[in-house]
Amino acid sequence: LVTGQSLALGALGVPALTVRQPYLNLMYEQGRLVPLIENYANPAVSQKATETVNSALANTISFLAGSTSPQFIISRSATNGAEMSKIKKNGNLSTYAEGLAEIRAIRDVLAKNKEQHKVAAIVLIHGETDHTLIQSGATNTYADDIRRLRANYDMDLRRMTGQSEKIPIFIDQMMSFTGYGQATSSIPLAQYAASLNDSNVYLVTPKYIFDYYPAGSQAHLVNISYRWLGEYYGKVIKQVVLDDRRWTPLSPRQILRTDRLVALDLNVPVIPIVFDTTEVLAAPNYGFEYYDGEKNIPISKVEIKDRDT
(Lines give C-alpha, C1' and ligand atoms only; values in the text may rest on other atoms or scores of the structure.)
Protein backbone atom coordinates (compact mmCIF):
# COMPACT_ATOMS: atom_id res chain seq x y z
CA LEU A 1 0.00 0.00 0.00
CA VAL A 2 1.50 3.32 -1.14
CA THR A 3 0.21 6.40 0.70
CA GLY A 4 1.17 10.01 1.31
CA GLN A 5 0.63 13.20 -0.67
CA SER A 6 1.34 14.28 -4.25
CA LEU A 7 4.74 12.60 -4.61
CA ALA A 8 3.03 9.29 -3.81
CA LEU A 9 0.87 10.01 -6.88
CA GLY A 10 3.82 10.83 -9.16
CA ALA A 11 2.77 14.47 -9.51
CA LEU A 12 4.31 16.12 -12.61
CA GLY A 13 6.24 12.96 -13.50
CA VAL A 14 5.24 13.19 -17.17
CA PRO A 15 5.26 11.34 -19.40
CA ALA A 16 4.67 7.90 -17.92
CA LEU A 17 7.62 5.61 -18.65
CA THR A 18 6.38 2.16 -17.61
CA VAL A 19 3.67 1.32 -20.12
CA ARG A 20 4.05 -2.46 -20.04
CA GLN A 21 4.48 -4.97 -17.24
CA PRO A 22 7.61 -7.13 -17.64
CA TYR A 23 6.74 -9.50 -14.79
CA LEU A 24 3.45 -10.65 -13.27
CA ASN A 25 2.81 -7.72 -10.95
CA LEU A 26 -0.67 -6.28 -10.73
CA MET A 27 -2.76 -3.32 -9.63
CA TYR A 28 -6.43 -2.92 -8.77
CA GLU A 29 -8.55 -1.08 -11.29
CA GLN A 30 -12.35 -0.86 -11.53
CA GLY A 31 -13.07 -4.04 -9.61
CA ARG A 32 -10.41 -6.26 -11.15
CA LEU A 33 -6.70 -6.98 -11.07
CA VAL A 34 -4.79 -5.86 -14.17
CA PRO A 35 -1.09 -5.68 -15.14
CA LEU A 36 0.80 -3.03 -13.18
CA ILE A 37 1.66 -0.10 -15.45
CA GLU A 38 1.71 3.69 -15.13
CA ASN A 39 -1.60 5.02 -16.40
CA TYR A 40 -2.72 7.36 -13.60
CA ALA A 41 -3.37 11.01 -14.47
CA ASN A 42 -3.43 13.21 -11.37
CA PRO A 43 -6.26 15.63 -12.21
CA ALA A 44 -4.97 18.32 -9.85
CA VAL A 45 -1.66 18.77 -11.68
CA SER A 46 -1.77 17.04 -15.07
CA GLN A 47 -4.14 15.53 -17.59
CA LYS A 48 -1.43 13.09 -18.70
CA ALA A 49 -0.42 9.81 -17.11
CA THR A 50 2.61 10.15 -14.84
CA GLU A 51 5.36 7.85 -13.63
CA THR A 52 4.99 6.91 -9.96
CA VAL A 53 7.19 4.77 -7.72
CA ASN A 54 4.74 1.88 -8.01
CA SER A 55 5.96 -0.05 -11.04
CA ALA A 56 9.67 0.36 -10.31
CA LEU A 57 9.13 -0.70 -6.70
CA ALA A 58 7.43 -3.99 -7.58
CA ASN A 59 9.49 -4.69 -10.68
CA THR A 60 12.77 -4.16 -8.85
CA ILE A 61 11.81 -6.76 -6.26
CA SER A 62 10.81 -9.19 -9.02
CA PHE A 63 14.10 -8.60 -10.85
CA LEU A 64 16.24 -9.08 -7.74
CA ALA A 65 14.31 -12.12 -6.48
CA GLY A 66 14.29 -13.86 -9.84
CA SER A 67 12.36 -17.09 -10.11
CA THR A 68 11.59 -17.06 -6.37
CA SER A 69 9.74 -13.74 -6.52
CA PRO A 70 6.13 -13.68 -5.36
CA GLN A 71 3.56 -11.75 -7.36
CA PHE A 72 3.00 -8.19 -6.11
CA ILE A 73 -0.15 -6.10 -6.18
CA ILE A 74 0.35 -2.38 -5.66
CA SER A 75 -2.44 -0.40 -4.01
CA ARG A 76 -2.36 3.39 -3.73
CA SER A 77 -4.27 5.86 -1.58
CA ALA A 78 -2.78 9.35 -1.38
CA THR A 79 -3.99 12.94 -1.48
CA ASN A 80 -2.36 16.04 -2.97
CA GLY A 81 -1.05 18.49 -0.39
CA ALA A 82 -2.47 16.63 2.60
CA GLU A 83 -0.71 16.89 5.94
CA MET A 84 -0.50 13.92 8.32
CA SER A 85 -3.55 15.00 10.30
CA LYS A 86 -5.62 14.51 7.13
CA ILE A 87 -4.30 11.12 5.94
CA LYS A 88 -4.07 9.41 9.34
CA LYS A 89 -6.72 7.09 10.74
CA ASN A 90 -9.86 9.12 11.48
CA GLY A 91 -8.24 12.08 9.75
CA ASN A 92 -10.01 14.93 8.01
CA LEU A 93 -9.89 13.16 4.63
CA SER A 94 -10.89 9.70 3.43
CA THR A 95 -7.32 8.73 2.41
CA TYR A 96 -6.86 6.16 5.17
CA ALA A 97 -10.31 4.63 4.77
CA GLU A 98 -9.91 4.45 0.97
CA GLY A 99 -6.63 2.60 1.40
CA LEU A 100 -8.31 0.02 3.61
CA ALA A 101 -11.22 -0.27 1.18
CA GLU A 102 -8.96 -1.03 -1.77
CA ILE A 103 -6.99 -3.63 0.19
CA ARG A 104 -10.30 -5.21 1.20
CA ALA A 105 -11.43 -5.30 -2.41
CA ILE A 106 -8.16 -6.92 -3.48
CA ARG A 107 -8.50 -9.45 -0.65
CA ASP A 108 -11.97 -10.40 -1.84
CA VAL A 109 -10.81 -10.92 -5.45
CA LEU A 110 -7.93 -13.11 -4.30
CA ALA A 111 -10.09 -15.06 -1.87
CA LYS A 112 -12.60 -15.76 -4.64
CA ASN A 113 -9.74 -17.20 -6.71
CA LYS A 114 -8.46 -19.13 -3.64
CA GLU A 115 -5.08 -17.39 -3.84
CA GLN A 116 -2.95 -16.92 -0.73
CA HIS A 117 -2.06 -13.34 0.05
CA LYS A 118 -0.80 -10.91 2.69
CA VAL A 119 0.04 -7.21 2.96
CA ALA A 120 3.82 -7.04 2.76
CA ALA A 121 4.57 -3.35 3.28
CA ILE A 122 3.31 0.20 3.59
CA VAL A 123 5.13 2.98 1.72
CA LEU A 124 4.78 6.56 2.95
CA ILE A 125 6.00 9.39 0.68
CA HIS A 126 5.16 12.52 2.58
CA GLY A 127 6.22 15.52 4.65
CA GLU A 128 6.12 18.68 2.54
CA THR A 129 2.90 20.15 3.90
CA ASP A 130 3.79 19.31 7.49
CA HIS A 131 7.10 21.12 6.90
CA THR A 132 5.27 24.32 5.95
CA LEU A 133 2.88 24.00 8.90
CA ILE A 134 5.71 23.52 11.39
CA GLN A 135 7.53 26.50 9.87
CA SER A 136 4.36 28.48 10.60
CA GLY A 137 4.36 27.43 14.25
CA ALA A 138 2.54 24.09 14.40
CA THR A 139 3.70 21.58 17.01
CA ASN A 140 6.12 19.01 15.59
CA THR A 141 4.84 15.50 16.41
CA TYR A 142 5.79 14.09 13.02
CA ALA A 143 8.05 11.23 14.19
CA ASP A 144 5.34 9.91 16.51
CA ASP A 145 2.73 10.45 13.78
CA ILE A 146 4.64 8.12 11.44
CA ARG A 147 4.85 5.43 14.09
CA ARG A 148 1.17 5.80 14.93
CA LEU A 149 0.16 5.61 11.26
CA ARG A 150 2.10 2.36 10.87
CA ALA A 151 0.61 0.89 14.04
CA ASN A 152 -2.93 1.70 12.92
CA TYR A 153 -2.44 0.27 9.44
CA ASP A 154 -0.79 -2.79 10.96
CA MET A 155 -3.72 -3.43 13.28
CA ASP A 156 -6.44 -2.82 10.68
CA LEU A 157 -4.80 -4.63 7.78
CA ARG A 158 -3.77 -7.69 9.79
CA ARG A 159 -7.30 -7.96 11.12
CA MET A 160 -8.54 -7.77 7.53
CA THR A 161 -6.17 -10.38 6.04
CA GLY A 162 -5.77 -12.61 9.08
CA GLN A 163 -1.99 -12.59 8.75
CA SER A 164 0.26 -12.91 11.80
CA GLU A 165 3.29 -11.05 10.38
CA LYS A 166 3.70 -7.41 11.33
CA ILE A 167 3.56 -4.94 8.45
CA PRO A 168 6.55 -2.58 8.24
CA ILE A 169 6.38 0.94 6.88
CA PHE A 170 9.04 2.29 4.50
CA ILE A 171 9.71 6.02 4.29
CA ASP A 172 12.12 8.46 2.67
CA GLN A 173 13.37 11.87 3.75
CA MET A 174 11.65 14.98 2.41
CA MET A 175 14.41 17.16 0.95
CA SER A 176 12.68 20.00 -0.92
CA PHE A 177 12.67 22.53 1.94
CA THR A 178 15.10 24.86 0.16
CA GLY A 179 12.45 25.22 -2.56
CA TYR A 180 10.16 26.60 0.14
CA GLY A 181 12.80 29.18 1.09
CA GLN A 182 14.20 27.50 4.21
CA ALA A 183 17.78 26.35 4.77
CA THR A 184 16.77 23.48 7.06
CA SER A 185 13.73 21.45 8.04
CA SER A 186 12.76 19.38 11.07
CA ILE A 187 10.86 16.87 8.92
CA PRO A 188 13.88 14.86 7.65
CA LEU A 189 15.16 14.60 11.23
CA ALA A 190 11.74 13.43 12.39
CA GLN A 191 11.68 10.78 9.65
CA TYR A 192 15.13 9.61 10.75
CA ALA A 193 14.04 9.59 14.42
CA ALA A 194 10.98 7.48 13.60
CA SER A 195 13.22 4.83 12.04
CA LEU A 196 15.53 4.86 15.07
CA ASN A 197 12.73 4.51 17.60
CA ASP A 198 10.58 1.86 15.90
CA SER A 199 12.01 -1.37 14.49
CA ASN A 200 9.13 -1.56 12.02
CA VAL A 201 9.90 1.83 10.43
CA TYR A 202 12.55 1.73 7.70
CA LEU A 203 14.17 4.83 6.27
CA VAL A 204 15.03 4.05 2.64
CA THR A 205 16.81 7.14 1.29
CA PRO A 206 16.95 10.92 1.34
CA LYS A 207 15.63 12.61 -1.79
CA TYR A 208 18.33 15.25 -2.40
CA ILE A 209 19.93 12.93 -4.98
CA PHE A 210 16.98 13.14 -7.36
CA ASP A 211 16.05 15.60 -10.10
CA TYR A 212 13.13 17.90 -9.36
CA TYR A 213 10.58 19.30 -11.75
CA PRO A 214 12.17 22.52 -13.02
CA ALA A 215 9.34 25.03 -13.32
CA GLY A 216 6.73 26.13 -10.82
CA SER A 217 7.15 23.22 -8.42
CA GLN A 218 9.66 23.03 -5.62
CA ALA A 219 8.59 19.60 -4.37
CA HIS A 220 7.95 17.22 -7.26
CA LEU A 221 10.29 14.89 -9.13
CA VAL A 222 10.75 14.30 -12.84
CA ASN A 223 9.56 10.96 -14.22
CA ILE A 224 12.93 9.17 -14.23
CA SER A 225 13.51 10.18 -10.61
CA TYR A 226 10.16 8.70 -9.54
CA ARG A 227 11.29 5.47 -11.18
CA TRP A 228 14.67 5.72 -9.48
CA LEU A 229 13.02 6.33 -6.10
CA GLY A 230 10.83 3.27 -6.67
CA GLU A 231 13.95 1.19 -7.33
CA TYR A 232 15.39 2.31 -4.00
CA TYR A 233 12.20 1.25 -2.25
CA GLY A 234 12.21 -2.07 -4.08
CA LYS A 235 15.77 -2.91 -3.01
CA VAL A 236 15.08 -2.21 0.65
CA ILE A 237 11.67 -3.91 0.77
CA LYS A 238 13.18 -6.98 -0.87
CA GLN A 239 15.93 -7.13 1.75
CA VAL A 240 13.55 -6.68 4.68
CA VAL A 241 10.43 -8.57 3.57
CA LEU A 242 11.76 -11.36 1.34
CA ASP A 243 15.28 -11.86 2.73
CA ASP A 244 14.34 -11.18 6.37
CA ARG A 245 17.41 -8.98 6.88
CA ARG A 246 17.54 -5.70 8.73
CA TRP A 247 18.18 -2.51 6.78
CA THR A 248 20.06 0.50 8.11
CA PRO A 249 20.60 3.47 5.79
CA LEU A 250 23.78 5.52 5.53
CA SER A 251 23.84 7.11 8.97
CA PRO A 252 26.12 7.76 11.97
CA ARG A 253 26.96 4.71 14.06
CA GLN A 254 29.25 6.66 16.38
CA ILE A 255 30.55 10.24 16.52
CA LEU A 256 33.91 10.91 18.20
CA ARG A 257 35.53 14.31 18.82
CA THR A 258 39.14 14.90 19.87
CA ASP A 259 40.27 18.53 20.03
CA ARG A 260 39.61 19.83 16.49
CA LEU A 261 38.99 16.42 14.90
CA VAL A 262 35.51 14.96 14.50
CA ALA A 263 35.30 11.34 13.31
CA LEU A 264 32.05 9.83 12.01
CA ASP A 265 31.85 6.03 12.17
CA LEU A 266 29.06 5.29 9.69
CA ASN A 267 26.58 2.60 8.82
CA VAL A 268 27.35 2.05 5.12
CA PRO A 269 24.92 -0.26 3.28
CA VAL A 270 27.39 -0.85 0.42
CA ILE A 271 31.07 -0.60 1.37
CA PRO A 272 33.07 1.57 0.76
CA ILE A 273 31.68 5.04 1.34
CA VAL A 274 32.46 7.52 -1.45
CA PHE A 275 31.89 11.20 -2.20
CA ASP A 276 29.94 11.33 -5.46
CA THR A 277 30.18 14.72 -7.17
CA THR A 278 29.28 13.32 -10.58
CA GLU A 279 25.66 12.35 -10.00
CA VAL A 280 25.20 14.80 -7.11
CA LEU A 281 26.10 18.48 -7.32
CA ALA A 282 29.21 19.24 -5.23
CA ALA A 283 28.59 21.22 -2.03
CA PRO A 284 31.03 23.03 0.27
CA ASN A 285 32.70 20.50 2.58
CA TYR A 286 30.66 17.77 0.88
CA GLY A 287 27.57 19.08 2.66
CA PHE A 288 28.94 18.90 6.21
CA GLU A 289 28.41 21.78 8.65
CA TYR A 290 29.55 22.09 12.25
CA TYR A 291 27.70 24.10 14.89
CA ASP A 292 28.55 24.95 18.49
CA GLY A 293 25.15 25.90 19.81
CA GLU A 294 23.85 28.23 17.12
CA LYS A 295 27.31 29.30 15.98
CA ASN A 296 28.55 27.91 12.67
CA ILE A 297 32.20 26.85 13.08
CA PRO A 298 34.34 26.77 9.89
CA ILE A 299 35.52 23.34 8.73
CA SER A 300 39.10 23.08 7.50
CA LYS A 301 38.84 19.74 5.70
CA VAL A 302 36.52 16.77 5.11
CA GLU A 303 38.04 13.47 3.99
CA ILE A 304 37.31 9.75 3.91
CA LYS A 305 39.73 7.83 6.14
CA ASP A 306 38.64 4.25 5.47
CA ARG A 307 35.70 2.19 4.26
CA ASP A 308 33.18 3.57 6.76
CA THR A 309 34.78 6.61 8.44
Side-chain angles (χ1 to χ4, degrees), residues 2-13 42 44-45 53 77-93 95-96 123-150 152 169-198 201-222 225-226 229 249-252 280-281 283-297:
V2 178
T3 189
Q5 51 188 107
S6 56
L7 275 82
L9 298 170
L12 298 178
N42 187 336
V45 294
V53 302
S77 182
T79 304
N80 295 309
E83 62 266 33
M84 184 67 80
S85 65
K86 292 183 178 179
I87 67 167
K88 69 179 183 179
K89 185 174 183 178
N90 298 322
N92 299 336
L93 297 175
T95 310
Y96 186 93
V123 169
L124 174 66
I125 307 175
H126 193 260
E128 290 77 16
T129 301
D130 284 86
H131 162 78
T132 61
L133 292 173
I134 291 168
Q135 287 290 321
S136 299
T139 302
N140 185 358
T141 59
Y142 196 75
D144 289 337
D145 292 341
I146 292 172
R147 299 171 62 193
R148 192 174 300 112
L149 182 72
R150 189 215 70 83
N152 286 331
I169 192 169
F170 296 83
I171 62 175
D172 58 59
Q173 284 178 300
M174 170 262 188
M175 285 284 156
S176 56
F177 46 86
T178 56
Y180 292 92
Q182 285 85 42
T184 61
S185 173
S186 60
I187 292 297
L189 294 176
Q191 290 162 329
Y192 177 53
S195 71
L196 290 179
N197 296 323
D198 190 327
V201 177
Y202 290 91
L203 177 59
V204 172
T205 181
K207 292 204 291 289
Y208 69 84
I209 57 176
F210 301 116
D211 292 328
Y212 285 77
Y213 196 82
S217 170
Q218 62 269 30
H220 303 111
L221 304 179
V222 299
S225 286
Y226 281 115
L229 178 59
L250 178 66
S251 54
V280 180
L281 186 67
N285 296 313
Y286 299 104
F288 285 96
E289 296 179 349
Y290 183 84
Y291 283 84
D292 185 350
E294 295 185 358
K295 185 178 180 181
N296 188 340
I297 306 300

Nearest heavy atoms of [X] and [Y], plus distance in Å:
X      : Y      : answer
Lys88  : Tyr96  : O-CB, 3.6 Å
Gln191 : His126 : NE2-O, 3.2 Å
Ala82  : Thr129 : N-OG1, 4.1 Å

Between [Y] and [X], is there a side-chain heavy-atom distance shorter than 4.5 Å?
X      : Y      : result
Glu83  : Asn92  : no
Met175 : Phe210 : no
Lys86  : Thr95  : no

When you measure from the side chain of [X] to the backbone of [Y], do you find a donor-acceptor pair of N or O atoms at a distance under 3.5 Å?
X      : Y      : value
Thr3   : Ser77  : yes
Tyr226 : Ala11  : yes
Ser251 : Pro249 : yes

Got a second to check how far [X]'s [atom1] is from [Y]'s [atom2], nearest 0.5 Å?
X      : Y      : atom1 : atom2 : answer
Asp198 : Ile146 : CG    : CD1   : 10.0 Å
Gln173 : Tyr192 : CD    : OH    : 9.0 Å
Leu9   : His220 : CG    : NE2   : 9.0 Å
Leu124 : Ile169 : CG    : CD1   : 4.5 Å
Leu149 : Ile87  : CG    : CD1   : 6.0 Å

Would you please classify the geometry between the Phe177 ring and the His131 ring as parallel, tilted or perpendicular, with 30° and 60° separating the classes?
->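 Tilted: the ring planes of His131 and Phe177 meet at 30° to 60°.
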Criterion side chain to side chain contact (heavy atoms under 4.5 Å, CB included) on Asp130 and Met174, from CA distance to verdict | CA-CA 10 Å; Asp130 284 86; Met174 170 262 188; over 6 Å; no
Derivation of the side chain to side chain contact (heavy atoms under 4.5 Å, CB included) call for Lys207 and Ser176 | CA-CA 8 Å; Lys207 292 204 291 289; Ser176 56; over 6 Å; no
